[in-house]
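Read the structure below first, then the notes.
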Amino acid sequence: MLLRMSTMLLKTLREDPAEAEVPSHRLLLRAGYIRRAAPGGYTYLPLGKLVLDNVARVVREEMAAAGAQEVSFPALLPRDPYETSGRWTDYGDEIFTLKDRRDTEYLLAPTHEEMFALLVQDLTSSYRDFPMILFQVQTKYRDEARPRAGLLRGREFLMKDAYSFDLTDEGLADAYGVMRVAYQKIFARLGLEHTIVSAMAGAMGGSASEEFLALADVGEDTFVGCAKCDYAANTEAVVTPAPPAPEGTPGPLTVHDTPDTPTIASLVALANERALDGRTDWTAADTLKNVVVTVHHPGGEPELLAIGVPGDREIDLKRLDAALAPATAELFDDFASRPDLVKGYIGPQGSKIRYLADPRVVAGTAWLTGANQPGKHATSVVAGRDFTPDGTIEAAEVRAGDPCPRCSEGELTIRRGIEIGHIFQLGRRYTDAFKLDVLGPDGKPVRPTMGSYGVGVSRAVAAVAEQHHDERGLVWPAEIAPADVHVVAAGKDGQVAAALRLAGELVAAGLRVLVDDRPGVSAGVKFTDAELIGIPHTVVVGRRLGDGYGELRDRRTGGRDEVLMSDMVAALTTV
Ligand code: ATP
Ligand code: MG
């Protein structure tokens with residue numbers, strides 16, 4: 001492969017584009033890999049397409065090595081199968097729907113569980129056809145509320161989605177293990193430093209599930225790790241250990257006048273000032289904060305829900321959404337319409353709306369909380385005595401230093417990451433929906449169980465850029481770089497001819513070469529562009545050509561070596 005910059009569709013930008021905030025987005029735009037074409041939709045320029053295809057190739061190779069077979073579905077699909085599975089509504093606002101000229105409803109698929117289950121139903125009849133893993137690399141559509149950061153969160157993006165079909169739960173666990181190993185190989189080849197964390201299943205349904213998170217400060221996911229054991233989980237999936245029930249008998253519920261204390265801080269200050277219940281050691285952790293949210297159930301009526309968390313913790317809206325999925329929630333603000341909900345003074349006792357409490361609110365715990373009257377709070381409001389929550393909910397923020405839910409000895413640390421892959425043991429949700437049965441060895445029908453495994457192919461391009469760049473530009477790992485060598489003709493015509501000659505030899509030796517043969521572009525601009533574009537090796541054909549030398553530069557280390565032009569192919573094929 002030989003690419004000539006003199007004729008290539010490429011324009012690098014000197015300035016940071018205003019639309020880009022995160023490094024990967026900024027650099028992919030500046031170095032001429034992508035252009036924005038639509039809200040959440042990007043055009044891949046020649047360099048970008050090469051990188052995208054390289055990522056897809058790595059994914060395909062590892063899927064094939066793991067025994068998965070590639071197929072390809074349309075993205076434009078009829079409503080029916082998604083109606084049958086319930087996802088037409090469960091997926092909520094994120095699904096793109098449309099109608100054809102006959103008013104028949106379609107969707108642009110966010111993932112393809114339904115279609116793969118139907119394909120297997122169509123083409124298999126006996127246990128002998130199993131196990132089986134199928135996959136595709138295909139464009140997905142999601143009406144993301146906030147498309148952002150270029151390729152990191154698009155509304156149209158490339159995904160590899162694989163689906164396993166097994167007849168037993170053990171078979172599913174094996175397939176899941178095989179895909180997990182394949183993913184580790186894929187991300188190692190892409191040069192993505194990542195952590196595998198326990199995850200929530202989300203709108204896909206199912207049970208066991210893990211995410212592969214590429215470490216990056218700009219990642220939208222936060223995850224915890226334990227300093228003492230190997231626990232790692234998306235903060236959405238952290239399960240708070242319930243503390244033991246407290247000993248002793250709390251006093252009776254007492255209502256106090258607490259004017260002008262709509263916030264936890266003002267309440268704690270007043271409680272200490274007035275020595276409520278004879279105490280002056282009140283802290284936010286002694287208070288129970290009750291937050292009202294509106295829950296939007298897919299296809300249903302909105303519901304008001306109160307959530308009680310210890311007052312020293314905020315509600316984490318991502319954890320709340322994950323806990324309520326497929327429903328979503330937003331903070332309720334229209335207190336004028338609900339005089340029974342006294343803003344700032346809400347208590348769980350006698351709640352008129354559904355009330356879910358943090359797992360720390362165990363029976364016997366006593367709280368300082370709202371008295372459901374303006375300007376009044378109550379002390380010794382005891383869970384199990386004065387109020388009984390309708391259940392627990394994981395909605396409180398997780399903090400660094402919280403005890404590890406697994407070993408309870410270590411403290412949790414928190415980091416950020418980009419979700420690059422997600423693997424699920426789905427179980428029979430979809431095969432049940434389609435009544436997919438095959439004939440078992442004993443002549444009785446068996447219902448296959450499914451796994452689903454996604455890699456964000458286009459997102460991975462950005463994740464790699466996020467992890468592999470410096471202040472001068474991109475630094476691609478060799479496996480997915482758009483070329484192996486960037487030959488820069490850094491002077492007059494003779495050097496262009498020599499550069500093209502060398503490029504030809506490198507191509508003949510099996511290397512992928514980008515040659516900067518642009519006329520009328522200064523050597524300085526060419527060097528800057530080479531660093532911005534980020535191909536692993538650069539050969540400068542310039543000043544020392546007269547002595548028979550070129551300069552070999554290593555993009556990652558910055559190392560520079562004078563190498564005889566006649567030795568250049570050997571130098572680059574042995575690195
Ligand atoms: P997120 O939480 O980031 O929205 P998700 O949980 O919705 O991701 P999955 O449904 O598991 O993602 O999709 C499989 C993979 O597809 C993800 O791991 C991610 O790498 C990729 N992906 C999901 N949504 C997007 C998007 N909007 N743009 C680019 N890639 C995406
Ligand atoms: Mg999503």
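In what follows, residues are counted from 1 in the order of the sequence shown. Hydrogens, waters and symmetry mates are skipped; everything else that's a heavy atom, side chains included, is used.
For H194, the ring-ring contact (aromatic ring centres under 6.0 Å, His included) partners are F187, F212, not counting sequence neighbours. The ring-ring contact (aromatic ring centres under 6.0 Å, His included) check on F332 picks up F335, with sequence neighbours excluded.
There is a side-chain donor-acceptor pair under 3.5 Å between R87 and T111. Looking at T294 and E330, their side chains never bring a donor and an acceptor atom within 3.5 Å of each other. Between D161 and Q138, the side chains place no donor N or O within less than 3.5 Å of an acceptor N or O (distance only, hydrogens not considered). Defined by atom type and a distance below 3.5 Å, a donor-acceptor pair is present between the side-chain atoms of Y453 and S164. Residues S351 and Q349 have side chains that never bring a donor and an acceptor to within less than 3.5 angstrom of each other. Counting only N and O atoms by type, the side chains of N290 and T369 include a donor and acceptor under 3.5 Å apart. Remark: the S24 side chain and the H469 side chain contain no N/O donor-acceptor pair separated by less than 3.5 Å.
Not one N or O on the side chain of D321 forms a donor-acceptor pair closer than 3.5 Å with the backbone of K318. For the pair S266 (side chain) and T263 (backbone), a donor-acceptor distance under 3.5 Å is present. Side-chain N or O atoms of D390 include one that pairs as donor or acceptor with a backbone N or O of Y355 at under 3.5 Å. Checked by atom type and distance alone, the side chain of D93 never pairs as donor or acceptor with a backbone atom of D143 at under 3.5 Å. With hydrogens and angles disregarded, no donor-acceptor distance shorter than 3.5 Å links the side chain of T287 to the backbone of L368. Side chain of E83 to main chain of W88: no donor-acceptor pair is present (N/O by atom type, distance under 3.5 Å, no hydrogens or angles).
Residue-environment remark: CD (E19) exceeds the threshold of 12 foreign heavy atoms within 6.0 Å. Open room surrounds CG on D260; 12 or fewer heavy atoms of other groups in view lie less than 6.0 Å from it. The neighbour count for R279 CZ, taken as heavy atoms of other residues, nucleotides or ligands under 6.0 Å away, is above 12. Taking a 6.0 Å sphere around CG of D432, one finds it holds more than 12 heavy atoms contributed by other residues, nucleotides or ligands.
A salt bridge links E220 and R153; the closest N-O separation between the charged side-chain nitrogens and carboxylate oxygens is under 4.0 Å. For R319 and D221, the salt-bridge test fails: no basic side-chain N is under 4.0 Å from an acidic carboxylate O. Salt bridge status for R313 with D402: present, with a side-chain N to carboxylate O gap under 4.0 Å. Look at R146 and E144 and you find no salt bridge, because none of the NZ, NE, NH1 or NH2 atoms lies under 4.0 Å from a carboxylate O. Under a 4.0 Å N-O distance rule, the pair D16/R26 qualifies as a salt bridge. Comment: D257 engages K376 in a salt bridge, judged by a side-chain N to carboxylate O separation of less than 4.0 angstrom. A salt bridge does not link R148 with E21: none of the charged nitrogens is closer than 4.0 Å to a carboxylate oxygen. Checked for salt-bridge contact, D312 and R360 miss the test: no charged N lies under 4.0 Å from a carboxylate O. Contact check on R180 versus D174 returns no salt bridge, with no Lys/Arg side-chain nitrogen under 4.0 Å from an Asp/Glu carboxylate oxygen.
Between Y42 and H25, the distance separating the two ring centers is shorter than 6.0 angstrom.
Side chains of V224 and Y231 form a contact here, defined as non-hydrogen atoms less than 4.5 Å apart. Contact annotation: the side chain of V398 never approaches that of D316 to less than 4.5 Å [non-hydrogen atoms, C-beta and beyond]. In this structure, the side chains of M63 and I186 come closer than 4.5 Å at one or more pairs of heavy atoms. Contact annotation: the side chain of L288 approaches that of P348 to within less than 4.5 Å [non-hydrogen atoms, C-beta and beyond]. Taking the side chain as every heavy atom from C-beta outward, L158 and R459 never approach each other to under 4.5 Å. No side-chain heavy atom of V292 sits less than 4.5 Å from a side-chain heavy atom of I307. Side-chain atoms of W282 and D277, non-hydrogen and from C-beta on, do get closer than 4.5 Å to each other. Between N372 and Y345, every side-chain heavy-atom pair lies at or beyond the 4.5 Å cut-off.
Contact detail for P477 and V464: the closest heavy-atom pair is CD-CG1, 3.6 Å. When all heavy atoms are compared, the tightest approach of A162 to M179 is CB-SD, 4.3 Å. Nearest approach of S380 to R385, heavy atoms of both residues: O-NH2, 2.9 Å. The heavy-atom pair separating L29 from I34 by the smallest distance is CD2-O, 3.4 Å. Nearest heavy atom pair, residue I420 against residue L192, reads CD1-CD1, 3.8 Å. Between F165 and M450 the shortest heavy-atom distance is CE2-CG, 3.5 Å.
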Determine, stepwise, if the pair T449 / D166 fulfils side-chain hydrogen bond (donor to acceptor under 3.5 Å, both in side chains). CA-CA 5 Å; T449 177; D166 284 274; over 6 Å; no
One pair to check against side-chain contact (heavy atoms from CB on, under 4.5 Å): D358 and T392. What are the steps and the verdict? CA-CA 6 Å; D358 184 83; T392 59; over 6 Å; no
Quick one, R428 with D169, criterion salt bridge (Lys or Arg N to Asp or Glu O under 4.0 Å). Give me CA distance, side-chain angles, the key distance, then yes/no. CA-CA 10 Å; R428 295 185 173 80; D169 294 349; 3.3 Å; yes
Working note: F424 + E210, criterion side-chain contact (heavy atoms from CB on, under 4.5 Å); need CA distance, chi angles, decisive distance, verdict. CA-CA 7 Å; F424 296 88; E210 289 170 295; over 6 Å; no
Walk me through it: do W367 and T365 pass the test side-chain hydrogen bond (donor to acceptor under 3.5 Å, both in side chains)? CA-CA 7 Å; W367 303 91; T365 49; 2.9 Å; yes
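With values rounded to the nearest 0.5 angstrom, E466 atom CD is found 13.5 Å from E193 atom CD. To the nearest 0.5 Å, the span separating CZ on F157 from OH on Y141 amounts to 10.5 Å. One distance of note links CZ of R36 with CG of L151; it measures 12.5 Å at 0.5 Å rounding. From R142, atom CZ reaches atom OH of Y91 across 3.5 Å, with rounding to the nearest 0.5 Å. R415 CZ to T195 OG1: the interatomic distance, rounded to the nearest 0.5 Å, is 5.0 Å. M115 CE to S85 OG: the interatomic distance, rounded to the nearest 0.5 Å, is 11.0 Å.
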Could you list the donor-acceptor pairs under 3.5 angstrom formed by side chains in residues 237-254, with sequence neighbours left out?
unit_1	atom_1	unit_2	atom_2	d
T240	OG1	E394	OE1	2.6
T240	OG1	E394	OE2	3.4
T254	OG1	P252	O	3.0

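Of the residues R189, K160, Q184, the one that meets the side-chain hydrogen bond (donor to acceptor under 3.5 Å, both in side chains) test with E62 is R189.
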